[in-house]
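Order of appearance sets the numbers: ligands from 1, and atoms from 1 within every ligand.
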Amino acid sequence: MITLKNIIKYYDDHPAINGVSLNIPKGTIYGIIGESGAGKSTLLRCINRLEMPDSGQVSIDNQPIIHLKSSELRVLRKRIGMIFQHFNLLSRRNVYDNIALPLELMGQSSMDIKKRVEALLTMVDLTEKSKKYPHELSGGEKQRVGIARALVGSSDILLCDEATSSLDPNATRTILALLKKINEQLGITIVLITHEMDVARSICDHIAVMEKGYVVEHNQVDQIFLNPQHAFTQQLLRRTAKKANILKQSESMVSSGIQSLLYLTFSGETATLPIITMAARKFDVDFNILSGDLETIQKHSIGFLLVQFLGNDIKKEIVIDYFRNNQLKVEVI
Ligand SMILES: Nc1ncnc2c1ncn2[C@@H]1O[C@H](COP(=O)(O)OP(=O)(O)O)[C@@H](O)[C@H]1O
Ligand SMILES: [Mg+2]
């Protein structure tokens, strides 16, 4: 069991975590969901003490970890693996050597390392690719290396920070299935951060919803989806439902021959329409706006547009980069 009690964390004068308490039962998959900037990563990093809270306590199996000495912290961290959105693999090490790294740092013999790494390669189904380098792998494969590396030191807790956020839908499904398998077969407790409701719904047992440094509600996953209590959770759910609807419509557009559909999501300061107009002018291309929606809640605007890009493929890539550099999330349909 991981217990967070009244965690507060400030950066300069700005509170990132505003007094969060949570119980994460052993052996569960616990989702933390919220928008960018809500404080999810900071909270997660308090669990392995990459971040030191200003006040509050974190306990693992009833052992408080906030004031551990660095030698005790090293022991604790062997129990806790972590994976990231951008994988954080070492580009000059092949798959095998990336996975072996934590064991090398622990000073294990190469015989022991070999046995353990080979077992992990089998578990994540990458035996065939053990000599490949990160640049030779797909995103999903890189994340499988990340998972193997995170668990190679016999961790029983896995922290996942947006682990599927830069993967395509297929790779996302594969990674979520792998996490589920790890949880069920090895009993590993998984704390999973995501900004996508679908990801949380597909594998989590419990969900905590974070907004602006607060946990606004937490519950079993079915209750969160059937009976959301907080306005923010309700808004997240509405958006997910709308998106599913739009994606279904756009799939039928694609099958009837309409091409180059882009699904753009924006939030906060990004104003989408001016960016689209600017892109059209700057790159001499056109857009058909097919569908869109904007919601404002507590002065925070969130929305999406479905647009058809009219121009050649080279310009399409340039425009997609331009959108991404301007904080729009772009999904190509
Ligand atoms: N190392 C840091 N220094 C200063 N501010 C930070 C740092 N890390 C996070 N923050 C701020 O704390 C808030 C929460 O950030 P974060 O935990 O990364 O949120 P999330 O993971 O939900 O996107 C944000 O306002 C962010 O700008
Ligand atoms: Mg984050």
Return the residue, atom name and 0.1 Å-rounded distance of the protein heavy atom closest to [atom].
| atom | result |
| --- | --- |
| atom 24 (C) of ligand 1 | Gly37 O, 3.9 Å |
| atom 16 (P) of ligand 1 | Thr42 OG1, 3.6 Å |
| atom 6 (C) of ligand 1 | Tyr11 CD1, 3.1 Å |
| atom 18 (O) of ligand 1 | Ser41 CB, 3.8 Å |

Should Ala16 be counted as touching ligand 1, given the test is an N or O pair under 3.5 Å? no
Verify atom 14 (C) of ligand 1: protein non-hydrogen atom under 4.0 angstrom away: yes
Give the ring-plane orientation class for Tyr263 versus Phe304, where under 30° counts as parallel, over 60° as perpendicular and anything between as tilted. parallel
Please verify the inter-ring angle class for Tyr133 with His135; under 30° counts as parallel, over 60° as perpendicular, anything in between as tilted. parallel
Count the heavy atoms belonging to other residues, nucleotides or ligands that lie under 6.0 Å from [atom1] of [X], then report whether that count exceeds 12.
| X | atom1 | value |
| --- | --- | --- |
| Glu136 | CD | yes |
| Leu105 | CG | yes |
| Lys5 | NZ | no |

Carboxylate-amine/guanidinium contact [X] [Y], below 4.0 Å:
| X | Y | answer |
| --- | --- | --- |
| Glu72 | Arg49 | no |
| Lys243 | Glu331 | yes |
| Arg79 | Asp61 | yes |

Using a strict cut-off of 4.0 Å, indicate which atoms of ligand 1 neighbour a heavy atom of [X].
| X | answer |
| --- | --- |
| Ala38 | 19 (O), 20 (P), 22 (O) |
| Glu35 | 22 (O) |
| Ser36 | 23 (O) |
| His14 | 25 (O) |

Under 4.0 angstrom from ligand 1, any heavy atom of Gly39? yes
Does Lys9 come within less than 4.0 Å of ligand 1, judged by its heavy atoms? no
Are the side chains of Leu101 and Arg93 in contact, using a 4.5 Å heavy-atom criterion? yes
Is the distance from the Mg ion (ligand 2) to some N, O or S atom of Ser41 under 2.8 Å? yes
